[in-house]
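What follows is a set of notes on a single structure, which appears directly below.
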Amino acid sequence: MPFSRLAVFCLAAMWLAACTPAPEATKELPPPDAAAIEAHMAYLASDELEGREAGTPGYDLAADYVAKQFTEMGLAPADNDGTYFQDITFRRSVREADGRAFEVKDAAGNVLPLTENVNAVVYNSIQGTEATIDAPAVFVGFGLVAPELGRDDFAGVDLTGKIAVVLGGTPKGIQNEERAFYGNRKYKNLSDRGAIGVISVETPTRKAIYSFQRLLAEGRLEGASLAWLQEDGTPYTDAPALEAYAAVSLEGAPALFTGAPVSWAEIETAAEAEGAAVPSFEMPITIKITQRSAHDTVKSANVVAMIEGSDPDLKNEVIVISAHLDHIGISKTMEDDKINNGALDNAAGVSTMLDAARMLKNGPPLKRTVVFIALTAEEKGLLGAQYFAKNPSVSGTIVANVNLDMPVLTYDFTDVIVYGALRSTIAPSVETALKAMNITMSPDPAPEQGIFTRSDHFRFVEAGIPSVFLATGWQNGGDKAIAEHQAKNYHRPSDDMSNNLNFDAAARFAELNARIALTLANADQRPLWKKDDFFARQFNGPMEP
């Protein structure tokens, strides 16, 4: 029987009532527990939890399990109502099977050869259950606005009441983490300028990363989208003007640009070049999109616990250690095993976080408060982290986030990649922990992927908080192990407990994260962004003088 929330609440209350002496200053961190990590992973990645998709009973079982572990460790609840659960209400949206339409006409009224679910797709919408938009189209390149680079892809065009046609991805030749940031803001840019719909066009680069045909084949279009509801009951979005979303494949792109002042062949060539100097222009076509979506409401919780700081002043500065608890649920397109167990993604991150929490609870005093969060809805767009960053359930000021997501624990890692470490003064604390364990910090081996913007820590970055994301590195066979996981198991049912997992490596990863948290909690100064760092400037974060 799953551990109920009532039981968790009662045990937490018993803990709060207990009188526990302050830890002695001479205490050392206890050793990591490989067997405990294995047990955590075995349950969180079990078929019983059905892939832990946010908003499902399987995820709730996982959340109850984590809360039980926090209780047994003696960690205090960090939610305002005295529980470990920060409940979030989401609107859930899925595509209706019928009723979608996608039609493009040229200036003479001829229908162009673009067919929904063949070389074009219409997505579901979190905004409304049904919408039809019929409007002229405007091509806006990559939809990039970068004052630092002297670039504005919207200069000279008017999007008010129109449908934007935008290239997927971002231009080459821009610093990779910043390039990913710009790419993530394109829908907001479109909405802010009055567009009512958007069509994303596949490029050769995007096709190589995740193709349009793979999107169709893997059935992800039929998955649910989530958006958390604000106090007024409306879904949170930074692109409220967009009523419909669609995509066109690389093969369908030439038809979309029929009669355009610049041909698709010219645009494709420019888009693949450094800097991607792609022009923007009004298109001689009109586009009609009909989307139909089914909506309901679901709840899912972040699970939040803390160790209160021992210093009367510094305890109001909060270090957050996070790992996402959700995964992608049950695959509809698989013939045999349909459950995406998510052993490495991210039962591994949560399980090592749990053991790090145990070590810290039983270790030296922590001057600052340390909060541990098992986050929901990462796979739906970093939503649990976004909600917490905007609605923190702990008092004080969050001054740093260390995020653990999909450490590949199938080999003896000797290095780690700390995405974002050099952007802030978190780096010295990381280096102190690494040195104590004879582990090295390696540079980002695949900067073109813009990993720094792609996991939960980035929601803290958006709140101006110095943050890092830790992953096992490429040395000592790590490059092959990580490549194998990405090629064979990532977001597939085969990411389970049968993949020769190395629990000694898992224990080492847990110890490393405990040491980083300990160092951050007891440092003389809170972490700050490096002076004039790009993300500190974008989000008004505290910088070094």
Side-chain angles (χ1 to χ4, degrees), residues 93-125 130-143 162-170 183 186-187 190 195-223 225 242-272 276 278-293 332-333:
S93 174
V94 297
R95 292 204 314 170
E96 289 279 22
D98 302 309
R100 298 185 308 274
F102 184 87
E103 183 180 78
V104 182
K105 292 181 178 180
D106 65 15
N110 300 308
V111 177
L112 300 177
L114 287 155
T115 304
E116 208 272 330
N117 254 30
V118 177
N119 53 13
V121 294
V122 177
Y123 295 106
N124 66 305
S125 172
E130 186 168 352
T132 296
I133 57 175
D134 190 347
V138 178
F139 178 62
V140 292
F142 282 98
K162 298 176 183 177
I163 296 173
V165 176
V166 63
L167 297 173
T170 46
K186 68 173 60 182
Y187 288 162
L190 298 174
I196 59 172
V198 58
I199 298 172
S200 179
V201 183
E202 186 178 41
T203 66
T205 296
R206 294 301 300 171
K207 184 171 185 174
I209 295 171
Y210 190 89
S211 72
F212 180 94
Q213 295 305 322
R214 182 178 171 188
L215 179 72
L216 291 179
E218 292 188 349
R220 294 196 187 183
L221 289 167
E222 314 315 321
S225 300
L242 299 178
E243 299 178 44
Y245 298 78
V248 168
S249 70
L250 184 61
E251 293 73 20
L256 189 66
F257 284 80
T258 298
V262 182
S263 72
W264 171 250
E266 293 172 293
I267 291 171
E268 182 179 359
T269 299
E272 294 297 299
V278 182
S280 298
F281 49 82
E282 294 185 2
M283 303 178 75
I285 57 174
T286 57
I287 301 173
K288 183 177 181 180
I289 305 173
T290 297
Q291 72 83 14
R292 294 187 68 237
S293 306
K332 298 178 180 179
T333 58

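What you are looking at is a predicted structure, and each value in this text was computed from that prediction instead of being measured.
Taking 4.5 Å as the limit, some side-chain heavy atom of Leu112 sits within range of a side-chain heavy atom of Ile285. Within the 4.5 Å cutoff, the side chain of Pro204 has heavy atoms near those of the Glu268 side chain. Val122 has its side chain out of reach of Tyr245: every pair of non-hydrogen atoms, C-beta onward, lies at least 4.5 Å apart. Using a 4.5 Å heavy-atom threshold, the side chains of Phe102 and Val248 count as touching. The side-chain heavy atoms of Phe257 and Val165, taken from C-beta on, include a pair separated by under 4.5 Å. In this structure, Ile163 and Val138 have side chains that are not in contact, with every pair of non-hydrogen atoms separated by 4.5 Å or more. Proximity of Val278 to Phe142: side-chain heavy atoms (C-beta onward) are separated by under 4.5 Å at one or more points. Between Ile289 and Ile199, the closest side-chain pair of non-hydrogen atoms falls below 4.5 Å.
A distance-only check finds no donor-acceptor pair linking the side chain of Glu202 to the backbone of Ser249 [under 3.5 Å]. A donor-acceptor pair is defined here as one N or O able to donate and one able to accept, closer than 3.5 Å; such a pair exists between the side chain of Asn124 and the backbone of Ser93. Side-chain atoms of Glu272 never come within 3.5 Å of backbone atoms of Thr269 as a donor-acceptor pair (strictly under, hydrogens ignored). No donor-acceptor distance shorter than 3.5 angstrom exists from the side chain of Asn119 to the backbone of Ala253, with no hydrogens or angles considered.
By the ring-ring contact (aromatic ring centres under 6.0 Å, His included) test, Tyr123 pairs with no residue at all, sequence neighbours left out. Remark: Lys207 engages Glu251 in a side chain to side chain donor-acceptor pair (under 3.5 Å) (not counting sequence neighbours). Residues passing the side chain to side chain donor-acceptor pair (under 3.5 Å) test with Asp106 are Asn110, sequence neighbours excluded. The side chain to side chain donor-acceptor pair (under 3.5 Å) check on Ser211 picks up nothing, with sequence neighbours excluded. With sequence neighbours left out, the salt bridge (charged side-chain N to carboxylate O under 4.0 Å, His left out) criterion links Lys186 to no other residue.
The structure places NZ of Lys288 at 7.5 Å from NZ of Lys105, a figure rounded to the nearest 0.5 Å. Distance CG/Leu215 to CZ/Arg220: 8.0 Å, rounded to 0.5 Å. Between atom CD of residue Glu103 and atom CG of residue Asp134 there is a gap of 8.0 Å, rounded to the nearest 0.5 Å. For the atom pair Leu250 CG and Gln213 CD, the distance stands at 10.0 Å (nearest 0.5 Å). In this structure, Ile267 CD1 and Thr203 OG1 are separated by 12.0 Å, a value rounded to the nearest 0.5 Å.
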Does Leu190 form a side chain to side chain contact (heavy atoms under 4.5 Å, CB included) with Val140? I'd like the steps, not just the answer.
CA-CA 9 Å; Leu190 298 174; Val140 292; 3.9 Å; yes
Does the side chain to side chain contact (heavy atoms under 4.5 Å, CB included) test come out yes or no for Leu242 and Ile196, once each step is laid out?
CA-CA 4 Å; Leu242 299 178; Ile196 59 172; over 6 Å; no
Evaluate side chain to side chain contact (heavy atoms under 4.5 Å, CB included) for Asn117 paired with Leu216, printing each intermediate quantity in order.
CA-CA 7 Å; Asn117 254 30; Leu216 291 179; 4.3 Å; yes
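Annotation for Phe212 and Val121: closest pair CZ-CG1, 3.6 Å, computed over non-hydrogen atoms. Of all non-hydrogen atoms in Pro261 and Pro284, the two that sit nearest each other are CD-CD, 4.4 Å. Smallest separation of non-hydrogen atoms from Ile209 and Arg214: O-NH1, 4.4 Å. What you find for Met283 and Leu256 is that their closest heavy atoms are CE-O, 3.5 Å.
Counting only residues at least two apart or on different chains, the salt bridge (charged side-chain N to carboxylate O under 4.0 Å, His left out) pairs with a member in residues 107-117 are Arg95-Glu116, Arg100-Glu116.
Tested against Phe139, the residues Leu167, Val166, Val201 include a single side chain to side chain contact (heavy atoms under 4.5 Å, CB included) partner, Leu167.
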